[in-house]
Amino acid sequence: MREARSIVSPEPSTAGALALAVREGRDGALERLVRGHQDELFAYAAGMLRDEADAQEVVQDAFLRAHDALVRRYDDERCRALRLRPWLFRIVRNLALNRIRSRRAGVERLPESDGWHAPALAVPPASDAALDAEDARRALERALASLGREAREIVTLRFTLDLSYAEIAGMLGVTEAAARGKVFRALERLRRRLPAEEVSDAV
């Protein structure tokens, strides 16, 4: 199982500059793009697909497509104005949805056991308090797994990956108010599956 690692993304003020650097083929630019976003994109794809191998393939494909778009289709002005983080998430989302649709059974595969979890939710136990937190985390994972894909996706974006409402709106192509509404409804569905104190402790 891939362990969660701290997620470090380029600051918004430098996102356009990084996109432009990738377009211009500057040394290390593509590597910075990948390193800055690969873990959070993997966590998101794994949450959608519930399969780590599929998630890795989707993220790799997303970076290839992003690179191709920046180099071949985007001009300098568009690169400078690009909201890089939600743009990358949107590419991953589209590829993950395509992967879900293409699965032979036509439905999302369920995890074979309770071992599946969102990577960023991993909390190693070290004390009684940590064990309590681990129990809450496992309960949260089970509740997340029981949600529909869209609700699980929204909860992961907002509370696991810490995307802002503006970033969620950008990647989903909706208004910020609509994004807030989606988050609220998804969280309400999650709360109905857990005692209130477990939701507040675990999210």
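Heavy-atom basis, side chains included; hydrogens, waters and symmetry copies ignored.
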Non-hydrogen atoms of Phe63 and Leu33 that approach each other most closely: CE2-O, 4.0 Å
Stacked cation flag Arg158 on Tyr165, 6.0 angstrom / 45 deg: yes
Reported CG-to-CD distance for the pair Leu157 and Glu167, which is rounded to 0.5 angstrom: 9.5 Å
Worked verdict on Arg99 versus Glu57 for side-chain contact (heavy atoms from CB on, under 4.5 Å): CA-CA 10 Å; Arg99 181 66 61 97; Glu57 290 181 10; 3.2 Å; yes
Straight-line distance of Leu70 CG to Asp75 CG, nearest 0.5 Å: 11.0 Å
Heavy-atom pair with the smallest gap, counting every atom of Arg85 and Leu161: NH2-O, 3.0 Å
Hydrophobic cluster identity match, Leu41 and Leu82, side-chain contacts under 4.5 Å: yes
Minimal non-hydrogen separation, Ala19 against Cys79, with atom names: CB-O, 3.7 Å
Flag if over 12 foreign heavy atoms under 6.0 Å of CG, Asp27: no
Where Val59 and Gln38 come nearest, the two heavy atoms and their spacing: CG1-O, 4.5 Å
Arg189, CZ atom: more than 12 neighbouring heavy atoms under 6.0 Å: yes
Verdict with reasoning, Arg65 to Leu95, per side-chain contact (heavy atoms from CB on, under 4.5 Å): CA-CA 10 Å; Arg65 292 180 183 230; Leu95 292 171; 3.5 Å; yes
Nearest heavy-atom neighbours spanning Arg152 and Gly47: NE-O, 3.0 Å
Same apolar cluster (I L V M F W Y, side chains within < 4.5 Å links), Val34/Leu20: no
Check: Met171 and Leu163 side chains under 4.5 Å, non-hydrogen atoms: yes
Other residues, nucleotides, ligands: >12 heavy atoms within 6.0 Å of Glu188 CD: yes
CZ on Arg50 to CD1 on Ile100, rounded to 0.5 Å: 10.0 Å
Value rounded to 0.5 Å, distance of CH2 in Trp87 from CG in Leu84: 6.5 Å
Interatomic spacing from CG in Asp61 to CG in Asn94 - rounded to 0.5 Å: 11.5 Å
Run the side-chain donor-acceptor check on residues 172-186: report pairs under 3.5 Å with partners two or more places apart or on a different chain.
{"residue": "Thr175", "atom": "OG1", "partner": "Ala178", "partner atom": "N", "Å": "3.0"}
{"residue": "Lys182", "atom": "NZ", "partner": "Glu150", "partner atom": "OE2", "Å": "2.9"}

Closest heavy-atom pair and its distance - Val155, Leu190: CG1-CD2, 4.1 Å
Under 3.5 Å: donor-acceptor pair, side chain of Arg149, backbone of Met48: no
side-chain contact (heavy atoms from CB on, under 4.5 Å) between Phe89 and Ile168, intermediate numbers included: CA-CA 9 Å; Phe89 270 96; Ile168 294 172; over 6 Å; no
CD on Glu153 to OH on Tyr44, rounded to 0.5 Å: 3.5 Å
